[in-house]
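Some notes on the structure that comes next.
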There are 2 protein chains.
Amino acid sequence: MGAESADASKVNIFWKIPMFEFLEAEELDRLYSLCATERFAKGEYIFLECDQPKNLYVVVKGEVKLLKQTEDGRETIVEMAYPGEIFGEEAVFDGQPYPMTAQALEDVELLSISRGDFFSFLRDNPDLALEIITELGKRLREAQNTIRALAMERVEWRIARVLLMLSRKAGVMEADGVSIDLPLTRQDIADMAATTVETTIRVLSNFKKMGLVDTEKGKIILRDRKHLEEMVSEGCRQP
Amino acid sequence: MGAESADASKVNIFWKIPMFEFLEAEELDRLYSLCATERFAKGEYIFLECDQPKNLYVVVKGEVKLLKQTEDGRETIVEMAYPGEIFGEEAVFDGQPYPMTAQALEDVELLSISRGDFFSFLRDNPDLALEIITELGKRLREAQNTIRALAMERVEWRIARVLLMLSRKAGVMEADGVSIDLPLTRQDIADMAATTVETTIRVLSNFKKMGLVDTEKGKIILRDRKHLEEMVSEGCRQP
DNA sequence: ACAACCCTCTGACAGAAGTCATGGCGCGCT
DNA sequence: AGCGCGCCATGACTTCTGTCAGAGGGTTGT
C-alpha cells in the first residue's frame with residue numbers, strides 16, 4: 001500500500017468510497033487525475049433536467065437533491081446523493097439528457113469526470129463496471145420501493161419512511177434518539193414523500209405529539225425509531 | 001416453432017437482443033450453453049419477492065409482471081419484462097433476495113443463467129458489463145419517471161401513460177389505431193397505474209366516450225394516440 | 001429598528017379517488 | 001342446461017389529502 005501520489009489526501013477520498021476502494025493505488029491516482037473538483041453553494045443547480053450530459057459526479061462533501069419538476073413549479077425529489085455516492089450516471093452512460101435536476105442541499109464539494117474519460121477508465125478497469133452494476137441494482141431496488149410506497153402507503157407511512165431513510169444516511173446518535181443532520185425544510189421532506197408542505201407539517205406535529213420525533217433548532221430527532229420502523233415494515237411479502 | 005434441438009435458432013435469440021448483439025458468435029454460443037430454457041404457464045410465479053436469488057432471466061417469448069404486494073393482497077406492478085429484456089438482475093448482482101415477485105402474464109419462455117455462470121461470463125466479456133450498465137440506467141430513468149408520475153399526476157394521466165407504454169412495447173398497428181396485444185385485465189392496468197380496478201374501469205369508459213380508446217374482444221385499441229400523448233407529455237421541464 | 005422574506009403552523013373547505021355494494025356478461029365445468 | 005367463477009360495469013358514500021387563507025416567529029439586510 002505504498003501510494004506515492006501527488007495528492008495523497010485527495011486520492012484518499014476515493015479510497016473511502018466503497019465503489020472504488022478495491023482499485024489499485026495507481027489506478028486511483030489515474031482516476032483522480034481525470035477528475036476536477038467542483039463546489040456549489042447551497043441551492044445552486046449542478047445540472048438541469050434535459051441538459052446534455054457532460055459529467056459524472058461523485059459527492060465528496062454535502063448532499064445533492066435529484067429532483068423532477070412540473071410546469072407549475074411543484075417538485076419531487078426522486079433520489080438523494082450522499083457523500084461517496086455518484087450521480088448523473090444514467091445520462092452519462094447512454095448519452096441521453098439528464099433525466100432530472102441536481103441541486104445542492106447544502107454547500108457541496110464534488111468530483112466531476114467527463115463522460116469520455118470515465119468510459120476509458122472503465123474499459124481499463126472491468127471490475128469497476130461490476131461495482132457500478134451492483135450500485136445501480138441497489139438504486140433500482142430503492143426506486144422500486146419508492147414506487148411501492150407511493151402506490152400503496154398513506155402519507156404518514158411515506159413520511160416515516162423518509163425520516164428513517166434520512167436517519168440511516170445522515171443520522172447522528174444523540175442522547176435520546178437519532179438526529180438528522182441536514183438543513184431540511186418541511187418542503188424538502190414533502191418533496192421526498194410526494195406530498196405537500198401542509199400535510200408534512202401536520203404529520204410531523206402528530207409524530208411529535210405521539211413522542212416519535214422531536215425538533216430542536218431546525219433539526220429533526222427520531223425519538224422512537226422502532227415504532228416508526230413498525231409502521232413502515234420494509235419487509236418481505238410473499239404471495 | 002417447437003425447435004427443441006436446433007441450437008442455431010436459439011443462439012439467434014441472443015443475436016436479436018440488443019444487449020447481446022455485439023458479442024462474437026463463439027461467445028454467444030458459450031453464453032447459450034450456460035443457459036437453460038424454462039417455460040411457465042400464464043399466472044405461474046417465476047420467483048417470489050424475498051426468494052434467494054438463483055438465476056438471471058432473459059425473456060424469449062411472452063411477458064413477465066414484476067410486482068410487489070402488501071399484506072392485504074393488493075399488488076403494484078413495478079415493472080414489466082418483454083421479449084429481449086432481462087429481469088432478476090438486482091438480486092443476482094448483489095446477492096440480496098429478489099426485491100419483487102415475477103409472474104407470467106401469459107405463457108412465457110425464458111432463458112435462465114445461474115448467478116455464478118453469468119458472473120464468470122461477464123468477467124470474460126467486459127463490454128457486456130457496459131451494455132448492462134446502460135440497460136440499468138434506462139431502467140432507472142423509467143423508474144424515476146414512474147415515481148414522478150405517481151407523485152404528481154392524476155389517475156387519468158397515469159392510466160394514459162400506462163396505455164402508451166404498453167402500446168410502445170406490445171402495440172400492433174390496426175386499421176384504425178394501435179391495438180395492445182396482451183391478455184391484460186383491468187386489474188393489471190390498475191396495478192400498473194397504482195390505482196383500483198373501479199377507477200381504471202371508470203377512466204377507460206371515459207376514454208372510450210371521448211373516442212380515445214376502444215375495446216374489442218378484450219384487447220384495448222388506442223384510437224387517438226396523439227391526444228393521449230398530449231395529456232402525458234413526458235417532456236423536459238427546466239426550472 | 002424596520003421591513004421583507006422565508007419558514008412553520010393551524011383551520012376550514014373542497015375534491016379526487018378509494019370503498020362498498022350490487023348486477024350483468026361470458027366461459028368453462030359437471 | 002345450470003352452476004360457479006372471473007371480469008367488467010355503475011352508483012352511492014366516505015375519506016384522505018390537497019387547496020386556500022391567514023397568522024406568527026426568526027433571520028437578513030438596509
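These figures come from a predicted structure and were not determined experimentally. All chains are named by letter (A, B, ...) in the order of the sequence lines, taking the proteins before the strands, and each is independently numbered beginning at 1.
B:Lys217 has its NZ atom 18 Å from the P atom of D:dC7, to the nearest Å. Straight-line distance from the NZ atom of B:Lys208 to the P atom of D:dT10: 9 Å, rounded to whole Å. Atom CG of B:Asp188 and atom P of D:dC8 are 9 Å apart (whole Å). At whole-Å resolution of the value, CZ in B:Arg74 and C1' in C:dA17 are 13 Å apart. For the pair A:Ile201 CD1 and C:dG11 P, the interatomic distance rounds to 13 Å; values are reported in whole Å. If you measure from atom CD of A:Glu198 to atom C1' of D:dG24, you get 16 Å, rounded to the nearest angstrom. As rounded to whole Å, 12 Å separates atom P of C:dG18 from atom CG of B:Asp191. What separates CG of B:Leu204 from P of D:dC8 is a distance of 9 Å, to the nearest Å.
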Could you go step by step and tell me if A:Lys169 and A:Glu85 meet the side-chain contact (heavy atoms from CB on, under 4.5 Å) rule?
-> CA-CA 11 Å; A:Lys169 294 288 196 167; A:Glu85 298 187 342; 2.8 Å; yes
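Ionic pairing of A:Lys138 and A:Glu135 is present here: one or more N-O contacts between side-chain nitrogen and carboxylate oxygen are shorter than 4.0 angstrom. A salt bridge does not link A:Lys42 with A:Glu106: none of the charged nitrogens is closer than 4.0 Å to a carboxylate oxygen.
Remark: A:Ser205 is in phosphate contact with C:dT10, judged by side-chain N or O atoms under 4.0 Å from OP1 or OP2. Contact between the side-chain N/O atoms of A:Thr196 and the OP1/OP2 oxygens of D:dT19 is not found at any separation under 4.0 Å.
One can find a donor-acceptor pair under 3.5 Å joining the base of D:dT19 and the side-chain atoms of A:Arg202.
Residue A:Arg186 places its side chain closer to C:dT8 than to any other of D:dT17, C:dT8, C:dG18. Nearest to the side chain of A:Thr199, among D:dT17, C:dG18, D:dC8, sits D:dT17.
For the side-chain contact (heavy atoms from CB on, under 4.5 Å) test with B:Arg186, the passing option among B:Leu204, B:Asp191, B:Val203 is B:Leu204; the others fail.
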